[in-house]
Amino acid sequence: STGTTLNSLCEKLPFTLSIKGVDFSQAMLDRAQEKLNKWSGQHTITLLCQNADQVNYQNSSVVILNFILQFIDVKERAQLLRKIYREMNKGGMLFVSEKIRFPQAQMQETVTKLYEAFKASSGYCRTEIAKKKESLDNVLVSLTRHEQEQMFKDVGFFCVEPVLQWHNFMSWVLIK
């Protein structure tokens with residue numbers, strides 16, 4: 001959204017990149033542009049104000065979806081993943097990060113409390129935490145880890161590997 005991941009890629013990778021950054025908010029893209037301006041001579045960077053389902057993924061070797069699917073209607077997520085799968089290069093990698101839901105209510109409640117305690121220790125007040133939670137209710141719809149992984153496999157990704165989990169946030173590497 002604000003180019004942090006793209007900035008890190010530009011900074012860390014020792015070769016020239018051709019990057020498309022996508023967000024549906026022009027304000028977020030403007031912030032990203034500020035971060036990425038310093039790389040314009042070294043990398044080809046295009047920022048697009050679009051929804052993820054409008055993007056052309058043809059010839060993509062790597063696609064990154066950081067906390068995108070959870071805001072898309074559950075019935076439409078597989079459709080976006082199929083589009084990416086169809087259009088990306090064979091052997092291409094899709095990196096996905098999402099908030100997950102635990103199937104057991106007690107575990108979900110415990111992890112939610114831990115995360116809210118982390119937010120509070122990071123300076124957020126209880127009112128801010130409650131407002132954020134309320135604003136995301138019925139907007140951010142999480143799946144369980146198993147549901148996510150089954151969806152990835154159903155789309156056709158032969159390699160579905162979790163690479164990171166912190167509280168109820170998870171990242172996977174998927175290979176076509």
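Residue numbers start at 1 and run along the sequence shown.
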Practice task
Please step through side chain to side chain contact (heavy atoms under 4.5 Å, CB included) for the pair W166 and Y115, ending with a clear verdict.
Solution key: CA-CA 9 Å; W166 181 76; Y115 184 58; 3.6 Å; yes
Exercise for the section: Walk me through it: do L174 and V155 pass the test side chain to side chain contact (heavy atoms under 4.5 Å, CB included)? Expected result: CA-CA 11 Å; L174 316 176; V155 165; over 6 Å; no
Would you indicate whether the side-chain heavy atoms of [Y] and [X] approach each other to under 4.5 Å?
X	Y	value
L29	Q33	no
C10	Q42	no
D154	L81	no
E87	V55	no
V163	F95	yes
N89	K176	no
F102	T144	no

Kindly check if the number of other-residue, nucleotide or ligand heavy atoms within 6.0 Å of [atom1] ([X]) is above 12?
X	atom1	answer
Q150	CD	yes
Q106	CD	no
F67	CZ	yes

Practice task
Mind running side chain to side chain contact (heavy atoms under 4.5 Å, CB included) on I19 and L36 for me, showing each step along the way?
Solution key: CA-CA 11 Å; I19 296 173; L36 299 169; over 6 Å; no
Practice task
Check D73 against K75 and note the closest heavy-atom contact, atom names and distance.
Solution key: OD1-N, 2.8 Å
Fill in the blank from the handout: What one should report as the nearest heavy-atom pair of S1 and A32 is O-CB, 4.1 Å
Can any side-chain N or O of [X] pair as donor or acceptor with the backbone N or O of [Y] at less than 3.5 Å?
X	Y	result
R31	T2	no
K20	N56	yes
N51	D53	no
K99	Q70	no
Q148	L143	no
R101	Q108	no
E98	F169	no

Handout entry: Spacing of OG1 belonging to T44 relative to CG belonging to L17, to within rounding of 0.5 Å
Key =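 Atom-to-atom, T44:OG1 and L17:CG are 9.0 Å apart.
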Problem - Residue pair R77, L65: steps toward the side chain to side chain contact (heavy atoms under 4.5 Å, CB included) verdict - result: CA-CA 12 Å; R77 293 176 192 183; L65 296 178; over 6 Å; no
Exercise for the section: Check the angle between the aromatic planes of H43 and W39 and answer parallel, tilted or perpendicular using the 30° and 60° thresholds. Expected result: tilted
Practice task
Hey, can you tell me if H167 and F118 have their rings parallel, tilted or perpendicular (30° and 60° cut-offs)?
Solution key: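 If you compare the ring of H167 with that of F118, the planes turn out tilted.
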Exercise for the section: Please determine if E149 and K153 form a salt bridge, counting it only when a charged side-chain N lies under 4.0 Å from a carboxylate O. Expected result: no
Problem - Shared hydrophobic cluster, I64 / Y85 (ILVMFWY, side-chain heavy atoms < 4.5 Å) - result: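 Cluster IDs for I64 and Y85 differ.
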